[in-house]
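Written out below as structure tokens is the structure these notes cover.
Both counts, for ligands and for their atoms, begin at 1 and track the order of listing.
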Amino acid sequence: MHHFAYRDGALFAEDVDLRAIAAEVGTPVYVYSTATIARHYRLFAEAMAGIDPSRAPPPIFYAMKANGNLGVLKTLAALGAGVDTVSEGEIRKALLAGFPPARIVFSGVGKSEAELAFAVAAGIHQINVETEGELDLLSRVGARLGRRQEAVFRVNPDIGAGGHAKITTGSAENKFGVSHDEVGRLYARAANLPGVRMMGLALHIGSQIRETGPFEAAYAKMAGLVAALRGEGHRVERLDLGGGLGIPYDQPNRPENGPEQAGPEHGPGLIEAYAAMVARATAGLDVALGFEPGRLIVGNAGILLARVLHLNPRPTKQFLVVDAAMNDLVRPAMYEAYHAIWPVDEPAADARNAAYDVVGPICESGDTFATGRVLPALAPGALIAFMTAGAYGASMASTYNQRLLVPEVLVKGGQFAVTRPRQSFEELLGTDRAPPWLP
Ligand code: LLP
């Protein structure tokens, strides 16, 4: 469930009226719910802690790429989360948000020497190595800095899954990880390298996966690999199982009123089913597990609040032009993703419905949030919420069409704070430089 619900005729984020946020911060604006973030983090962390109660609870490395807002990060750091980063910028932001280096993992397909040096010098927990070249580079960097950096190999298990081809990462055609058959040779090579210490394996097969089957098949391969590596005398202590668990995007436009009105959980028992499957797949393996969920933690903890600008009735359809665009929320344009749209003013039970193509102001037809979406009739000035926009929303935003980078607000109970103000035109335009040959 999440904490966006109608109260006294308007949509609230926890105890805050979204109309108040729109009035104070303007639109478009992302709004996040602390209670929802905390709830999902705890649900996941507790389920994973139950997998093997004889061990320390496994670290949950929240995948910052899903939502790197400082308020969101500080909320998760305070809850005891770790963080999965993919660039020097993300490592810097993790440190800024208060994650101790011992709870930071660095993944990514193409890490540069400067990034590796930054990570090693910062003393982070683990680097997930994806190529042989990266292994050598990391060892050189570690030796230069007088460190043996703890690392794991990210394995490509050749089992991909995900809500869209662009977010599948685990199949052999995908660019991610070292191939399954190479791990033994690389592990043996790494044993002779001075600047790196291999601790185990990692994988991540894709995103928005709403069944346990693909994970189970991939984890079985990893269990086999752990046994094979140990048979060759290698030390395998850690198994980082990645992220990828999906969430329901298909919430009804008008939730029923009531205490549990705020929509379904992550599918019936998906987290529990996943935990039970992980327990089976890793039973007796004697490894320290780790996880990298992103979307599951923040996905339905956020909405994009926007305002209707114009109606454009045409012979065959009606366009609803809103002030948010694909630069603010690119998922529909990029992955044909579905986001439910809830009017902020609660529609009357007998409200007239209309079918809209919901579009933004950007100059391309791809700037479309929904096609033929049936909504209560809306007029210019109406506020709407794109639901389930907390993951890969603001973190993928851009300034395309010279639009200001979208602001972000964090709600906690009855309070809200602007955790990223709307960019100013000075900030947007002020960093460009004219070449010296032009006046
Ligand atoms: N770990 C690694 C190594 C990853 O590459 C990712 C996501 C995650 C963890 C977290 O995955 P999650 O639990 O959030 O599924 N922009 C796309 C999603 C891209 C996911 C990229 N990797 C979208 O909007 O659907």
Side-chain angles (χ1 to χ4, degrees), residues 30 37 40-41 43-45 48 59-68 72 76 81-87 90 94 104-111 126-131 134 151-157 160-171 174-178 201-212 214-215 218 239-249 266-267 270-271 274 289-302 304 326 328-339 369 386 388-398:
Y30 278 93
I37 295 167
H40 293 154
Y41 174 75
L43 273 178
F44 188 78
M48 298 312 118
I60 312 300
F61 301 107
Y62 162 68
M64 186 196 295
K65 62 175 81 74
N67 186 322
V72 170
L76 285 164
V83 64
D84 169 46
T85 62
V86 290
S87 67
E90 285 198 351
I104 301 177
V105 164
F106 184 21
S107 315
V109 113
K111 306 180 192 76
Q126 169 179 305
I127 295 187
N128 295 6
V129 172
E130 300 216 16
T131 61
E134 183 190 338
V152 299
F153 283 114
R154 175 167 177 186
V155 180
N156 183 312
H164 189 275
K166 287 181 185 158
I167 57 173
T168 297
T169 53
S171 64
N174 298 139
K175 64 181 175 178
F176 302 91
V178 299
L201 304 173
L203 81 166
H204 173 77
I205 61 172
S207 194
Q208 184 55 13
I209 304 167
R210 300 210 55 211
E211 57 195 357
T212 58
F215 292 112
L239 187 52
D240 174 343
L241 294 177
L245 273 182
I247 59 172
Y249 281 90
H266 300 107
L270 184 56
I271 292 178
Y274 177 80
L289 299 177
F291 300 90
E292 302 173 352
R295 189 191 313 267
L296 183 84
I297 308 295
V298 292
N300 64 7
L304 174 60
M326 64 189 285
D328 305 307
L329 176 63
V330 77
R331 302 192 67 259
M334 193 149 171
Y335 316 111
E336 288 95 40
Y338 175 94
H339 287 268
F369 291 112
F386 292 96
T388 325
Y392 307 106
S395 66
M396 295 180 78
S398 75

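In this structure Glu336 satisfies the side chain to side chain contact (heavy atoms under 4.5 Å, CB included) test together with His164, sequence neighbours excluded. When the side-chain hydrogen bond (donor to acceptor under 3.5 Å, both in side chains) test is applied to Tyr274, the partners found at least two apart in sequence or on another chain are Tyr219. Residues passing the salt bridge (Lys or Arg N to Asp or Glu O under 4.0 Å) test with Glu292: none are found, sequence neighbours excluded.
No option in Phe369, Tyr392, Tyr249 other than Tyr249 meets the ring pair (Phe, Tyr, Trp, His ring centres under 6.0 Å) test with His339.
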Tabulation required: pairs of a nitrogen or oxygen in ligand 1 and a protein nitrogen or oxygen under 3.5 Å; columns are atom names and distance to 0.1 Å; otherwise 'none'.
unit_1   : atom_1 : unit_2 : atom_2 : d
ligand 1 : 1 (N)  : Asp84  : OD2    : 3.4
ligand 1 : 1 (N)  : Glu292 : OE1    : 2.6
ligand 1 : 5 (O)  : Lys65  : NZ     : 3.4
ligand 1 : 13 (O) : Gly244 : N      : 2.8
ligand 1 : 13 (O) : Gly294 : N      : 2.9
ligand 1 : 14 (O) : Arg295 : N      : 2.8
ligand 1 : 14 (O) : Tyr392 : OH     : 2.6
ligand 1 : 15 (O) : Ser207 : OG     : 2.4
ligand 1 : 15 (O) : Gly244 : N      : 3.4
ligand 1 : 16 (N) : Tyr335 : OH     : 2.8
ligand 1 : 24 (O) : Arg331 : NE     : 2.6
ligand 1 : 25 (O) : Arg295 : NH1    : 3.3
ligand 1 : 25 (O) : Arg295 : NH2    : 2.8
ligand 1 : 25 (O) : Arg331 : NE     : 3.4
ligand 1 : 25 (O) : Arg331 : NH2    : 3.0

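Contact check on Lys65 versus Asp84 returns a salt bridge, with a Lys/Arg side-chain nitrogen under 4.0 Å from an Asp/Glu carboxylate oxygen.
Contact between Glu134 and Ile127 at its shortest, heavy atoms only, is OE2-CG2, 3.8 Å.
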